[in-house]
Amino acid sequence: MLVETRKLNKREKVVVSSLDVAETFTYFDEESQREYTREHKAVLRAIRELKCSDKFRGEHFSPSTYTDSRGKEQPCELMDKDGFTMLVMGFSDPKAIQFKEVYINQFNQMEYVLQSKLVEREKGIVIRQAFTKAIQQSNENENMHGHAYSIYTDIIYKSLFNKNAKQLREEFGISKKDNLRDCFSHEELKNVQNAEMLVSSLVAYGWGYDEIKKFIMDKMLNKITG
């Protein structure tokens with residue numbers, strides 16, 4: 001079963017899909033003493049029939065889709081740890097109990113990773129403020145007709161990902177209204193912030209755009225060929 005970070009009701013959360021729950025959790029029939037595969041439609045029905053409040057359902061479950069083996073789009077449901085716990089607490093066979101312990105631990109581990117990422121994002125706000133201030137105190141913003149921040153950011157992205165902001169948005173399938181940094185991993189955020197601190201220092205020392213671009217892009221080429 002895949003536990004991952006995804007957008008759930010406009011917030012980044014650690015989630016799992018109903019499809020993964022169906023594939024992972026078999027059920028044991030007491031009468032026949034046999035173990036059976038749990039059908040995905042049965043999991044969706046169980047989610048629909050949960051006796052939880054509308055508020056809980058809205059906060060911890062979210063409709064989604066997946067592409068089946070025939071290439072057709074089918075409905076599924078995403079759920080966070082609380083939604084997952086609410087759903088599977090009714091699965092009581094011994095194997096299900098073992099799986100629940102394993103995947104609740106996975107949720108906890110992924111939540112730790114997500115929390116680390118959020119801390120990195122908070123640090124990033126301070127770094128971007130310093131970056132913006134360095135640009136404002138130089139002549140770069142005037143020279144670039146008010147677009148210095150976005151131009152330098154594109155250089156940073158190009159050096160790290162070989163794509164500018166527009167290309168990265170297209171790759172992640174997000175619009176200009178969405179925060180591109182939400183799509184970066186914890187390590188990628190750290191690399192972006194380190195590059196922003198470097199560019200801020202170079203701008204503050206009086207380096208111009210061409211010098212900074214060459215320096216940053218040469219660093220990328222050295223990393224690739226090194």
Side-chain angles (χ1 to χ4, degrees), residues 2-8 10-17 64-67 71 73 78 109-226:
L2 178 62
V3 177
E4 57 184 334
T5 54
R6 293 269 296 273
K7 282 289 183 68
L8 183 67
K10 299 182 179 180
R11 289 180 58 197
E12 192 173 22
K13 285 190 171 185
V14 181
V15 301
V16 69
S17 79
S64 187
T65 60
Y66 73 97
T67 304
E73 195 173 78
L78 297 178
Q109 290 168 9
M110 288 298 293
E111 284 179 342
Y112 174 78
V113 171
L114 178 58
Q115 185 60 36
S116 298
K117 184 177 177 181
L118 293 176
V119 169
E120 206 63 43
R121 285 285 307 277
E122 290 298 316
K123 287 167 55 182
I125 292 172
V126 177
I127 292 170
R128 284 197 300 281
Q129 288 173 343
F131 186 19
T132 303
K133 185 176 180 180
I135 289 173
Q136 290 172 342
Q137 291 177 342
S138 71
N139 295 322
E140 291 295 82
N141 214 33
E142 184 178 335
N143 295 338
M144 297 179 183
H145 308 289
H147 299 293
Y149 181 85
S150 60
I151 290 171
Y152 276 117
T153 298
D154 270 344
I155 293 174
I156 290 170
Y157 289 163
K158 192 77 174 175
S159 71
L160 294 173
F161 310 111
N162 203 26
K163 291 181 177 69
N164 60 29
K166 181 181 178 182
Q167 291 168 327
L168 285 169
R169 289 183 184 281
E170 289 172 353
E171 179 180 307
F172 290 118
I174 62 174
S175 69
K176 284 186 177 180
K177 294 180 181 179
D178 297 309
N179 193 331
L180 180 56
R181 297 180 191 228
D182 285 343
C183 301
F184 296 156
S185 69
H186 177 239
E187 193 61 33
E188 287 169 340
L189 280 174
K190 286 179 64 176
N191 290 337
V192 169
Q193 289 162 194
N194 287 337
E196 285 177 336
M197 287 190 290
L198 173 60
V199 172
S200 295
S201 298
L202 295 177
V203 169
Y205 273 112
W207 284 38
Y209 169 75
D210 291 333
E211 292 174 295
I212 293 174
K213 180 180 179 181
K214 183 178 185 306
F215 181 77
I216 295 294
M217 297 310 291
D218 282 349
K219 286 285 185 185
M220 181 197 72
L221 290 174
N222 290 340
K223 187 181 294 184
I224 293 172
T225 58

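Just so it is clear, the structure is predicted and the values come from calculations on it, not from any experiment.
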May I ask you to test the Gln167-Phe161 pair for a side-chain heavy-atom distance under 4.5 Å? no
Give a yes or no on whether the backbone of Ile174 and the side-chain of Arg169 come within a donor-acceptor separation of less than 3.5 Å. no
Tyr149 and Phe131 aromatic ring geometry - parallel, tilted or perpendicular at 30°/60° bounds: tilted
Taking the side chain as every heavy atom from C-beta outward, state whether Glu188 and Leu160 have any pair of such atoms under 4.5 Å apart. no
Does a side-chain heavy-atom distance below 4.5 Å link Phe184 with Asn191? no
Please tell me if the side chains of Ile216 and Leu198 come closer than 4.5 Å, counting only heavy atoms from C-beta onward. yes
Checking Asp154 side chain against Ile151 main chain: does a donor-acceptor pair fall under 3.5 Å? no
Start with the C-alpha distance between Tyr209 and Ile155, add both sets of side-chain angles, then the distance that settles side-chain contact (heavy atoms from CB on, under 4.5 Å), and finish with yes or no. CA-CA 10 Å; Tyr209 169 75; Ile155 293 174; 3.1 Å; yes
Drop me the distance from Ile156's CD1 to Asn164's CG, to the nearest 0.5 angstrom. 13.0 Å
Please walk me through it: do Val199 and Glu196 pass side-chain contact (heavy atoms from CB on, under 4.5 Å)? CA-CA 5 Å; Val199 172; Glu196 285 177 336; 5.9 Å; no
Let me confirm one number: the OH-CD1 distance from Tyr152 to Ile212, rounded to the nearest 0.5 Å. 3.5 Å
Measure the NZ-CG distance between Lys166 and Leu180 for me, rounded to the nearest 0.5 Å. 14.0 Å
Working to the nearest 0.5 angstrom, can you tell me the gap between Ser159 OG and Lys213 NZ? 11.5 Å
Other residues, nucleotides and ligands only: do more than 12 of their heavy atoms fall within 6.0 Å of CZ on Phe172? yes
